[in-house]
Amino acid sequence: MFTIATWNINSVRLREPLVTRFLSEEGPDILCLQECKSPVEKIPVEAFRALGYRWMVARGQKGYNGVAILSRLPIEDAGDRDYASLGHARHVAARLENGVVIHNFYVPAGGDVPDREVNVKFGQKLDFVAEMRDAFHADNPTRSIMVGDLNIAPREDDVWSHKQLLKVVSHTPVEVDHLLSAQDAGGWVDITRKDIPDGQLYSWWSYRSPDWDVADKGRRLDHIWASPDIANAGHASRVLRGMRGWERPSDHVPVLASFDL
DNA sequence: ATGGTAGGAGCCCTA
């Protein structure tokens, strides 16, 4: 059995103390980070190594994006793909000794206007997810787990107001269609919603909303999916809402799951 | 219809 967590950290260097606190308190076997905003060589690996996280597979760039997989189980680099040819560090994969492959994604946020004719970034987001769909269709993933900040909240109960967010990037029908097509192409099972099927569930609250806890205008942007052959092994999903209230928090909180593999 | 906050780089971009 192992546990896996995904967390958009919004600067791994600034929030090194939060990462070490989380690793100490929760002790996931694998932690997938997004928005590290750091070249790989400047990620504070020694602090993580001191807590037993001896392995890291990462892709980075200065200032933007960046994905890393920290692990206290041995992992090897399983490559990356430049979805939508953006030249961004938004995907990396690692392989455990038991053959399970972990994909860590940071899907583009997509800008403010949900129209690719007037907002290039929205088109890039749709293209990115369409290429994920094509890759999953071609690869037919098995013994695989995919996690990350997908920047799309697919279900009505993944947002604070379905009606008010229908034209807000992250919950528009075209984005949801793209995401569900990618999920379907790989046969991926949404482990978080398999375990927590009912009710409002969020992993992100904007920095711009003070009083985030009371207002609770959240969205579920962070996901853990499993290939269909191992979906039954996934269980014990959690979303650590309380961490949004930590000092100098990320605007995202960790999502966790366990796998009996 | 608007503005609200945060991080990194470096006087503006992205989220």
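So you know, we letter chains A, B, ... as the sequences are listed, proteins then strands, and number each from 1.
A salt bridge does not link A:Arg81 to A:Asp134: none of the charged nitrogens lies less than 4.0 Å from a carboxylate oxygen. With salt bridges taken as basic N to acidic carboxylate O contacts below 4.0 Å, one links A:Arg241 and A:Asp216. Remark: A:Asp77 engages A:Arg59 in a salt bridge, criterion side-chain N to carboxylate O under 4.0 Å.
Taking every heavy atom of residues 159-180 of chain A and every atom of DNA chain B, no pair lies under 4.0 Å.
Where A:Asn151 and A:Pro249 each meet DNA chain B at their nearest nucleotide, the meeting point lying more 5' is that of A:Pro249. When each of A:Arg13 and A:His252 is assigned the nucleotide of DNA chain B bearing its nearest heavy atom, the one mapping closer to the 5' terminus is A:Arg13.
Counting 5' to 3', DNA chain B first comes under 4.0 angstrom of a heavy atom of chain A and last does so at the ends given by B:dG4 to B:dA15.
Residue A:Arg90 is in sugar-phosphate contact alone, with no base atom involved, counting any heavy-atom pair closer than 4.0 Å across all strands shown. Contact annotation for A:Arg15: backbone-only contact, meaning every heavy-atom pair under 4.0 Å involves sugar-phosphate atoms and none involves a base.
Residue-environment remark: NE2 (A:His235) exceeds the threshold of 12 foreign heavy atoms within 6.0 Å. Environment of NZ in A:Lys194: crowded, with over 12 heavy atoms of neighbouring residues, nucleotides or ligands closer than 6.0 Å. Within a 6.0 Å sphere centred on CZ of A:Arg54, other residues, nucleotides and ligands contribute 12 heavy atoms or fewer. Within 6.0 Å of atom CG in A:Asn232, 12 or fewer heavy atoms from other residues, nucleotides or ligands are found, so the atom counts as exposed in its surroundings.
Across B:dA9 and B:dT5, the matching P atoms stand 22 Å from one another, rounded to whole Å. Using atom P as the reference point in both B:dT2 and B:dA6, the two lie 23 Å apart (nearest Å). Rounded to a whole angstrom, the distance from the C1' atom of B:dG4 to that of B:dA15 is 14 Å. Comparing B:dG3 with B:dG7, their P atoms are spaced 22 Å from each other, to the whole Å.
Exactly one residue among A:Asn8, A:Leu70, A:Asp149 makes a side chain to side chain contact (heavy atoms under 4.5 Å, CB included) with A:Leu33. That residue is A:Leu70.
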> Going through the checks in order, is the side chain to side chain contact (heavy atoms under 4.5 Å, CB included) test met by A:Leu150 and A:Val129?
Replying inline: CA-CA 9 Å; A:Leu150 305 185; A:Val129 178; over 6 Å; no
